[in-house]
Chemist: 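Handing you this structure, nothing more for now.
The figures here come from the full heavy-atom set of this structure, side chains too, leaving out hydrogens, waters and symmetry mates.
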Amino acid sequence: STRVRASMMRSSQTQPLTSYRAAHPTAQTSLLSPIASVRRPLCLTEMCLDHFAAVLATDMAHHNELVAQLNEHADGPADMVIPPHEVIAAFCHTADLANVVLRWDLAEPWSARVGEEAINEFNEMKRIGLPLPGYAQLQPYSKEELAARQIVFSDGWVGPLYAAAARLF
């Protein structure tokens with residue numbers, strides 16, 4: 001959308017990458033080389049914010065907040081500019097939860113890995129004496145349990161996220 005495209009254009013209010021390179025010729029900036037070819041130099045502080053937003057976007061603790069934020073932006077005025085780090089966070093979080101929109105033969109191995117991660121976490125909680133939530137499972141999930149978990153995850157978590165993202169993007 002126009003709002004998303006406009007949000008990706010950055011202003012140079014802090015030291016741009018080209019100035020940074022001139023001032024720090026020995027700095028390790030090879031990872032930034034593809035980014036340096038954009039028309040307007042990116043600011044280092046903006047790049048850091050974008051990277052942090054991308055990493056934190058995969059934390060499910062912020063899921064409901066991100067869905068609400070997407071809906072607020074979608075309900076906002078058509079000329080509203082969305083900060084680039086919020087766009088990147090939305091894309092990363094949406095991609096991170098994309099497993100459930102894949103065919104089951106592709107999604108099942110990922111579902112098993114997520115289930116295994118949860119089981120390992122619950123077993124560790126038990127080992128160190130932390131109380132377990134009522135839904136904790138300490139043994140591997142059956143194929144039927146994995147499929148049922150994916151339906152709950154899809155309906156309760158992924159569906160609202162994708163609906164909000166579709167409204168905005």
Side-chain angles (χ1 to χ4, degrees), residues 1-11 13 31 34-35 38-40 42-43 45-122 124-125 130-169:
S1 77
T2 304
R3 284 187 278 190
V4 174
R5 282 192 300 275
S7 73
M8 297 309 287
M9 298 191 60
R10 301 166 186 262
S11 63
Q13 296 177 351
L31 292 175
I35 299 171
V38 296
R39 288 187 188 150
R40 180 181 284 172
L42 299 175
C43 301
T45 53
E46 289 175 341
M47 287 173 29
C48 288
L49 183 59
D50 292 349
H51 289 137
F52 285 123
V55 170
L56 294 176
T58 63
D59 184 352
M60 288 301 289
H62 305 286
H63 174 81
N64 291 331
E65 177 185 334
L66 191 132
V67 171
Q69 188 177 55
L70 287 174
N71 281 315
E72 286 175 23
H73 289 319
D75 293 336
D79 61 345
M80 181 174 82
V81 174
I82 303 167
H85 67 276
E86 291 182 18
V87 174
I88 291 169
F91 285 153
C92 288
H93 190 61
T94 303
D96 187 47
L97 300 186
N99 177 55
V100 297
V101 299
L102 299 174
R103 291 187 335 254
W104 183 240
D105 63 312
L106 299 173
E108 185 178 14
W110 290 105
S111 299
R113 288 181 187 110
V114 171
E116 183 180 323
E117 180 182 352
I119 290 166
N120 290 340
E121 186 175 321
F122 294 141
E124 181 63 14
M125 289 171 66
L130 293 175
L132 295 175
Y135 57 87
Q137 183 161 328
L138 303 176
Q139 299 299 318
Y141 293 100
S142 69
K143 288 185 178 245
E144 293 78 17
E145 289 171 320
L146 279 178
R149 287 175 52 92
Q150 286 302 290
I151 291 169
V152 170
F153 186 62
S154 178
D155 291 348
W157 296 87
V158 178
L161 172 66
Y162 275 49
R167 290 183 60 218
L168 186 60
F169 301 116

Chemist: Please identify each residue that fulfils salt bridge (charged side-chain N to carboxylate O under 4.0 Å, His left out) with Glu117, with sequence neighbours left out.
Modeler: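 Glu117 satisfies salt bridge (charged side-chain N to carboxylate O under 4.0 Å, His left out) with no other residue.
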
Chemist: So, taking the atom named CG in Asp59 and the one named CG in Leu66, what distance separates them when rounded to the nearest 0.5 Å?
Modeler: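 The distance works out to 11.0 Å.
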
Chemist: Quick check: closest heavy atoms across Ser111 and Gln150, and the distance to 0.1 Å?
Modeler: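 Scanning both residues, the minimum pair turns out to be OG-CD, 3.0 Å.
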
Chemist: List for me each residue that meets side chain to side chain contact (heavy atoms under 4.5 Å, CB included) alongside Leu132, sequence neighbours excluded, and say none if there are none.
Modeler: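 With neighbours one apart ignored, the set is Phe122, Met125, Lys126, Ala136, Leu138.
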
Chemist: Would Val87 and Phe169 count as a side-chain contact (heavy atoms from CB on, under 4.5 Å) if you check the C-alpha gap in whole Å, the side-chain angles of each, and the deciding distance to 0.1 Å?
Modeler: CA-CA 9 Å; Val87 174; Phe169 301 116; 4.3 Å; yes

Chemist: So how far is it from Glu72 CD to Ile82 CD1, rounded to the nearest 0.5 Å?
Modeler: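 Between Glu72 CD and Ile82 CD1, I get 11.0 Å after rounding to 0.5 Å.
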
Chemist: Name all residues meeting the side-chain hydrogen bond (donor to acceptor under 3.5 Å, both in side chains) criterion together with Asn71; count only those two or more places apart in sequence or in a different chain, and write none if there are none.
Modeler: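 Here the qualifying residues are Arg167.
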
Chemist: Please report the interatomic distance CE(Met80) to CG(Leu168), rounded to the nearest 0.5 Å.
Modeler: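 Output value for this atom pair is 7.0 Å.
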
Chemist: Hey, what do you get for CD (Glu86) to NE2 (His73), rounding to the nearest 0.5 Å?
Modeler: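 Taking CD in Glu86 and NE2 in His73, the distance rounds to 3.5 Å.
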
Chemist: First locate atom CE of Met60, then atom CG of Leu97, and finally report the distance between them rounded to the nearest 0.5 Å.
Modeler: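 With rounding to 0.5 Å, CE (Met60) is 5.0 Å from CG (Leu97).
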
Chemist: Measure across Ala90 and Leu70 and return the closest heavy-atom pair with its distance rounded to 0.1 Å.
Modeler: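 Heavy atoms of Ala90 and Leu70 come nearest at CB-CD2, 3.6 Å.
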
Chemist: If the condition is side-chain hydrogen bond (donor to acceptor under 3.5 Å, both in side chains), which residues does Glu65 pass it with, not counting sequence neighbours?
Modeler: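 Result, side-chain hydrogen bond (donor to acceptor under 3.5 Å, both in side chains) vs Glu65: none returned.
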
Chemist: Considering non-hydrogen atoms only, spot the tightest contact between Ala57 and Cys92 and give its length.
Modeler: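 Here Ala57 and Cys92 meet closest at CB-CB, 4.0 Å.
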
Chemist: Table please: side-chain donor-acceptor pairs of residues 151-165 below 3.5 Å, with sequence neighbours left out.
Modeler:
| from | atom 1 | to | atom 2 | distance (Å) |
| --- | --- | --- | --- | --- |
| Tyr162 | OH | Thr94 | O | 3.0 |

Chemist: With sequence neighbours excluded, tell me which residues meet side chain to side chain contact (heavy atoms under 4.5 Å, CB included) with Gln139.
Modeler: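 With sequence neighbours excluded, Gln139 shows a side chain to side chain contact (heavy atoms under 4.5 Å, CB included) to no residue whatsoever.
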
Chemist: I want to check something: taking the side chain as every heavy atom from C-beta on, are Asn99 and Val114 in contact at a cut-off of under 4.5 Å?
Modeler: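 Heavy-atom side-chain distance check fails, nothing below 4.5 Å.
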
Chemist: If the condition is salt bridge (charged side-chain N to carboxylate O under 4.0 Å, His left out), which residues does Glu108 pass it with, not counting sequence neighbours?
Modeler: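 Here the qualifying residues are Lys143.
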
Chemist: Run the side chain to side chain contact (heavy atoms under 4.5 Å, CB included) test against Pro131 and tell me which residues pass, sequence neighbours left out.
Modeler: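 Checked Pro131 against side chain to side chain contact (heavy atoms under 4.5 Å, CB included); zero matches.
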
Chemist: Check side chain to side chain contact (heavy atoms under 4.5 Å, CB included) between Glu145 and all other residues, then give those that pass, not counting sequence neighbours.
Modeler: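 Glu145: side chain to side chain contact (heavy atoms under 4.5 Å, CB included) contacts with Gln137, Tyr141, Ser142.
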
